[in-house]
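Structure, as structure tokens:
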Amino acid sequence: MGSHNVEPTSMMNPLYPEEFRRQAHLVVDFLADYYSNIEKYPVCSQVKPGYLTKAMPKSAPLQPEPIETILQDVQKHIIPGITHWQSPGFFGYFQSNGSTGNFLGEMLLTGFNTVGFNWLASPAATELEMVVMEWLLKLLQLPKSFSFSSDGGGVIHGSTCESFVCTLIAAREKKLSQSRVERDDLGKLVVYCSDQTHFSLQKACQVVGISPNNIRSIRTRRSMNFQLSPKALLMAIESDVKAGLIPLYICLTVGTTPTTAVDPLLTLSDIAKRFHMWAHVDAAYAGSACICPEFRHFLNGVEGVDSFSFNPHKWFLTTLDCCCLWVKERIDLTKALSNDPELLKNKASDTKKVVDYKDWQIALSRRFRAMKLWMVIRSYGVTGLQEVIRKHVKLAKYFEALLFADNKFEVVVPRNFAMVCFRVSPLALATVANDSSNEDSNRLTQTLLESLNGSGVVYMTHAVIEGVYVIRVAIGSTLIEEKHVSMLWDMVQEYASNLLANFNNIK
């Protein structure tokens with residue numbers, strides 16, 4: 001890249017339109033080249049801690065620097081320190097996939113830079129969010145009770161953790177207003193989940209002031225595909241009630257992080273009702289799949305819960321941050337989170353006929369996130385979004401079938417969506433080892449994962465479930481094709497065969 005003198009006009013006016021146009025084109029070209037070359041980079045960053053601190057100047061530049069120089073430094077210093085979540089070799093955690101439609105939506109929402117805390121601050125930001133949330137409600141076939149046309153409604157948060165915090169606060173305040181619970185009794189409130197529930201619930205409880213001693217993480221079992229057991233839940237609640245504690249909230253999951261397990265929503269929400277508890281469904285990953293009719297059954301029973309959330313920033317071609325939350329009674333949320341300072345008073349809010357989203361979230365300020373979600377839905381249509389989901393599920397089935405056909409491996413839990421959990425089979429170990437155990441299988445599977453990740457070509461993460469160490473293969477990169485899954489399989493076979501051949505030496 002050649003150097004370019006910064007125009008005096010643009011120095012005086014950081015939003016000078018022609019200079020913005022020129023620099024933005026350079027950034028778009030830079031990103032397009034990045035995506036063209038993404039497979040050339042190690043998927044997981046190989047840098048050492050402190051690498052960037054050493055490379056960067058100790059002080060900020062006094063004079064303006066040209067965009068060309070800045071982009072050269074991005075290429076030289078920043079890209080080596082990125083773990084490339086958009087690489088087709090990225091199979092870790094859950095994907096956070098993106099799309100051209102999303103990037104353009106992000107450009108628009110950043111360009112407009114609205115701060116839509118209430119309707120008046122930016123009517124389009126509020127109303128587009130309401131429109132998009134109603135579109136998604138219909139796509140997911142959520143009950144009408146979650147709709148703005150009823151007493152419910154939807155809001156876009158930044159993360160599942162934020163939705164947990166807001167619904168926990170709403171549940172707490174509702175409990176205080178509807179029963180004989182006093183503020184002095186807050187230490188008695190209990191939250192229930194399974195040992196598969198995302199750990200951000202525990203963080204949300206910390207924020208809200210629920211004692212760690214009052215979080216019941218109920219053990220799940222492989223024999224039940226790691227679902228939350230209604231019987232175990234009931235026993236835990238009854239025991240707490242007998243001890244004088246107050247059941248407050250239960251988190252049910254559709255598509256848990258370790259195994260993509262699906263809790264039985266109908267039975268569990270019935271138990272929650274019996275004890276006047278708030279029931280929330282976290283479908284952060286798997287909610288996107290439920291726009292396909294063949295997966296919708298996983299949401300059966302959702303009509304019995306108080307709130308539901310999923311993250312388009314995982315599997316819906318929409319980048320961070322974007323978490324959609326619906327509540328059955330919007331007044332539960334707004335009563336718990338609203339305030340009415342003189343500065344924000346206006347005629348539109350006074351009519352009570354508009355939505356002021358500041359009362360649906362923790363912060364006052366909010367981004368125009370609906371813009372990117374609207375762009376994604378319009379750019380690809382329902383059929384295009386379903387096609388993406390089905391493609392990833394088909395690739396996961398393909399990988400699962402390869403594992404089933406090779407006795408070196410064991411698929412540890414049933415595949416529900418587009419993630420496969422597997423390990424090196426203890427039976428395969430028995431054929432090469434003088435003696436072997438579950439611990440040996442765990443150790444070898446962990447070594448296999450570390451070796452594969454160390455190659456730089458692929459990246460996966462693990463889970464430990466009922467003492468079994470498994471490799472999680474989450475398929476969902478926007479750029480992924482069958483050839484990338486075949487490449488992963490060839491590597492898994494080769495690395496596992498070498499480890500098994502040398503197992504007695506390793507041991």
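Salt-bridge annotation for K328 and D151: absent, with no side-chain N of the basic residue lying under 4.0 Å from a carboxylate O of the acidic one. At a threshold of 4.0 Å, the pair E329-K174 does not count as salt-bridged, since none of the basic side-chain nitrogens sits closer than that to a carboxylate oxygen. Taking a cutoff of 4.0 Å between a charged side-chain nitrogen and a carboxylate oxygen, E19 and R22 qualify as a salt bridge. A salt bridge between E18 and R21 is present, with a side-chain N of the basic residue lying under 4.0 Å from a carboxylate O of the acidic one. Salt bridge status for R367 with E106: present, with a side-chain N to carboxylate O gap under 4.0 Å. Salt bridge E482/K394: absent, no basic N to carboxylate O contact under 4.0 Å.
Using the six-membered ring where Trp is involved, W489 and F399 have ring planes that are perpendicular, over 60° apart on the 30 and 60° scheme. Ring planes of W360 and Y357: perpendicular class, angle over 60° (limits at 30 and 60°). The aromatic rings of H280 and F164 sit perpendicular to each other, their planes meeting at more than 60°, with 30° as the lower class boundary. Ring-plane geometry between Y34 and Y41 is classed as parallel, the angle between the planes falling under 30 degrees on a 0 to 90 degree scale with a further cut at 60. Ring geometry for Y285 against F94 counts as parallel: the plane angle stays under 30°, on a 0 to 90° scale with 60° as the upper cut.
No option in D332, L333, V327 other than V327 meets the side chain to side chain contact (heavy atoms under 4.5 Å, CB included) test with R330. Among T197, D195, D263, the single residue meeting the side chain to side chain donor-acceptor pair (under 3.5 Å) criterion with T220 is D195.
The environment of OH in Y51 is crowded: more than 12 heavy-atom neighbours from other residues, nucleotides or ligands sit within 6.0 Å. Summarising the local packing, CE of M107 is surrounded by 12 or fewer heavy atoms from other residues, nucleotides or ligands at distances under 6.0 Å. By the 6.0 Å contact criterion, CG on L108 is enclosed, its count of non-hydrogen atoms from other residues, nucleotides or ligands being greater than 12. Shown here is K345, whose NZ atom has more than 12 heavy atoms of other residues, nucleotides or ligands within 6.0 Å. Within a 6.0 Å sphere centred on OH of Y93, heavy atoms belonging to other residues, nucleotides or ligands number 12 at most. Annotation for K203: atom NZ does not count as buried by contact number, only 12 or fewer foreign heavy atoms lying within 6.0 Å.
Contact annotation: the side chain of N118 never approaches that of D359 to less than 4.5 Å [non-hydrogen atoms, C-beta and beyond]. In this structure, the side chains of F308 and L140 come closer than 4.5 Å at one or more pairs of heavy atoms. Considering only heavy atoms from C-beta on, E129 comes within 4.5 Å of R366 through its side chain. At a threshold of 4.5 Å between non-hydrogen side-chain atoms, the residues K358 and L344 count as touching. The shortest side-chain heavy-atom distance between V393 and R415 falls under the 4.5 Å cut-off. Two residues are said to be in side-chain contact when any heavy atoms from C-beta on lie closer than 4.5 Å; I362 and V207 fail this criterion. No side-chain heavy atom of H198 sits under 4.5 Å from any side-chain heavy atom of C161. Residues S288 and K314 fail the side-chain proximity criterion, which asks for heavy atoms closer than 4.5 Å.
Side-chain contact check for T259 and Q196: at least one donor-acceptor pair (N or O, by modelled atom type) lies under 3.5 Å. Under 3.5 Å, the side chains of H484 and E39 contain a donor-acceptor pair of N or O atoms. W278 and S307 form a side-chain donor-acceptor contact under 3.5 Å, judged by distance and modelled atom types alone. For N102 and S99, the side-chain atoms include no donor-acceptor pair closer than 3.5 Å. H157 and S163 form a side-chain donor-acceptor contact under 3.5 Å, judged by distance and modelled atom types alone. At a cut-off of 3.5 Å, with distance as the only test, no side-chain donor of S87 or Y459 sits close to an acceptor on the other residue. For T253 and D282, the side-chain atoms include no donor-acceptor pair closer than 3.5 Å.
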request  = Decide yes or no on ring pair (Phe, Tyr, Trp, His ring centres under 6.0 Å) for F310 and W315, but give the supporting numbers first.
outcome  = CA-CA 10 Å; F310 90 107; W315 201 6; over 10 Å; no
